[in-house]
Amino acid sequence: MIQMYSRRNFLRASLVAGTLLPYGRMLSAVTGIKSKILQPVIHMTDLFHPHGDPDDHFDLACVFSLALQGMIELKGVGIDYPPAFRKGDPDIMAVAQLNRICGLNVPVCIGSTKLLSKKDDTLPDLSRRDSVCIRWLIEMLEKSDRPVAITVVGSATDVAIAAHREPELFRTKCSGIYLNSGGSHQSDPDMLEFNVKLNPVAYAALFDLPCPIYWFPCWHLTEERISGEWGTFYWMPHKEAFENVNSSIIPFFWYMFSQSQDPHWLRMLSAMPPEAEWSKILKERRGMWSTASLLMLAGLTVTKSGKIVSAEETGENVLFRMEPVKVQCEENGHMVWALTDKPTNSFIFHVLDVAAYPAAMTKTVNTLLCAFPK
């Protein structure tokens, strides 16, 4: 049963655990204000070319937009090693393309081919090339002068192994893991969300780590493609997402959507898509999951009208928030959770206005895409 709690207790717990980040501020694209203190971020994703699902490229573009605007310090991108059923390889080209568009130099690395078999596994026998992403994660935390936020929008494998190898480092240098996986409710008790199925043991292991876990369930009801109170999913019409977007970012998405095999990924950035083909894309819609987590790690939130504002705003117009939660997750990926007013390191995403959520989040993505240069 879900346990209710007072708003005062939630705010107190949130501030202590870091839900309302000290980096909270207005988005520079909206107000022109930039922070002198940036949240360091590592983005862990299952990004492939040809793509598995285009939402990953939208997520990457949103992360780069935040970095471009001086809202986060993007330390790097880790890409999952592709499962056998994926036809694409890690899309290091997409990272290179956005680096070029933004004038940034964000590094990228490839994850492990091995999976966890038990929650506390450290996989000590991994080869040097198979452990490069794990070692890189540890190095990024060690070198950072501020705690690092880590997004997980694919498999949890590399983050879980790194944390098991260096738990004290994650306790002191990880400001939070923003976990985009799982479902808050399910009609079929044996059904697992896609990211969880990639490595259920690693997913379960994250909830036992000594750093804050901000859980963004992909589904309110697993695999039901409708927005709900305790899930991040929303439908995003392409036409609205790309409205008034500057030309520099369009070729990036065209290269992805067209599943281009042209090796000239750099020169393709100066080639606009054929009008007829782009018109077809604009008529489609895209399932999206991770947008809210990318904003919240930057100390931002969204109003019910789709305006990006500081996460310090807590009025009735705020679209979503994080709630303190007690979680028990088994190695098979199944979990039981309940809200709590007791001290906790785990928080769950909560949509406060389900009806307003899809349109507001679509507007949010459009705002971020419009920040790219002409």
Side-chain angles (χ1 to χ4, degrees), residues 25-34 43 45 51 53-72 74 94 97-98 101-102 151 153 180 216 225 227 232-257 269 272-273 275 277-311 313 317-320 349 351-374:
R25 57 213 171 262
M26 293 293 189
L27 189 67
S28 59
V30 178
T31 67
I33 298 175
K34 293 185 179 181
H43 184 58
T45 175
H51 56 265
D53 189 326
D55 73 299
D56 296 302
H57 287 77
F58 280 98
D59 292 343
L60 188 72
C62 289
V63 170
F64 265 85
S65 176
L66 291 168
L68 174 65
Q69 296 178 75
M71 307 312 297
I72 62 172
L74 186 54
Q97 286 174 325
L98 286 172
I101 292 169
C102 297
T151 68
V153 303
N180 295 269
F216 295 80
R225 291 178 176 261
S227 296
T232 59
F233 174 81
Y234 66 97
W235 285 113
M236 182 182 74
H238 287 169
K239 183 178 181 180
E240 296 175 22
F242 286 110
E243 185 177 6
N244 298 321
V245 168
N246 291 322
S247 58
S248 67
I249 196 63
I250 299 298
F252 166 79
F253 282 102
W254 171 241
Y255 190 82
M256 176 273 293
F257 276 124
L269 291 179
M272 293 297 286
E275 185 175 348
E277 295 299 318
W278 189 246
S279 294
K280 291 179 182 178
I281 290 173
L282 291 181
K283 293 177 182 177
E284 299 173 357
R285 63 178 183 171
R286 175 66 39 217
M288 293 286 286
W289 289 268
S290 305
T291 313
S293 69
L294 306 179
L295 292 169
M296 297 200 82
L297 65 83
L300 302 166
T301 190
V302 177
T303 68
K304 294 174 183 178
S305 64
K307 183 180 179 181
I308 301 173
V309 296
S310 168
E313 293 202 15
N317 198 36
V318 171
L319 183 61
F320 51 74
F349 178 72
V351 179
L352 303 177
D353 189 333
V354 175
Y357 180 71
M361 297 309 294
T362 298
K363 184 177 179 180
T364 296
V365 172
N366 177 253
T367 299
L368 294 174
L369 295 185
C370 283
F372 287 100
K374 295 181 180 179

Quick one: side chain to side chain donor-acceptor pair (under 3.5 Å) partners of [X], sequence neighbours excluded?
{"X": "Thr151", "result": "His43"}
{"X": "Thr291", "result": "Tyr234"}
{"X": "Ser305", "result": "Thr303"}
{"X": "Ser65", "result": "Gln69"}

Which residues pass the salt bridge (Lys or Arg N to Asp or Glu O under 4.0 Å) test with Glu277, sequence neighbours left out?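 Here the qualifying residues are Lys280.
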List, one per line, each side-chain donor-acceptor pair under 3.5 Å for residues 242-255, sequence neighbours excluded.
residue : atom : partner : partner atom : Å
Asn246  : ND2  : Phe372  : O            : 2.8
Ser248  : OG   : Pro373  : O            : 2.3
Tyr255  : OH   : Asp262  : O            : 2.6

Measuring from Leu68:CG to Leu98:CG, what's the distance to the nearest 0.5 Å?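 So the gap between those two atoms works out to 10.0 Å.
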Can you sort out the partners of [X] under side chain to side chain contact (heavy atoms under 4.5 Å, CB included), two or more places apart, ordered by chain and number?
{"X": "Thr301", "result": "Val309, Val318, Phe320"}
{"X": "Val351", "result": "Phe349, Val354, Tyr357"}
{"X": "Ala356", "result": "Lys304, Leu319, Asp353"}

Taking all non-hydrogen atoms of both residues, which atom of [X] and which atom of [Y] are closest, and how far apart?
{"X": "Ala241", "Y": "Leu369", "value": "O-CD1, 3.7 Å"}
{"X": "Ile72", "Y": "Val63", "value": "CD1-O, 3.6 Å"}
{"X": "Ser290", "Y": "Asn180", "value": "CA-OD1, 3.4 Å"}
{"X": "His238", "Y": "Arg285", "value": "NE2-C, 3.9 Å"}

Determine which pairs satisfy ring pair (Phe, Tyr, Trp, His ring centres under 6.0 Å) with at least one residue from residues 284-310, sequence neighbours left out, and list them in order.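 Sorted result for residues 284-310: Trp219-Trp289, Phe233-Trp289.
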Would a distance-only check, ignoring hydrogens and angles, find a side-chain to backbone donor-acceptor pair under 3.5 Å from His57 to Ala94?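 Such a contact is absent between His57 side chain and Ala94 backbone.
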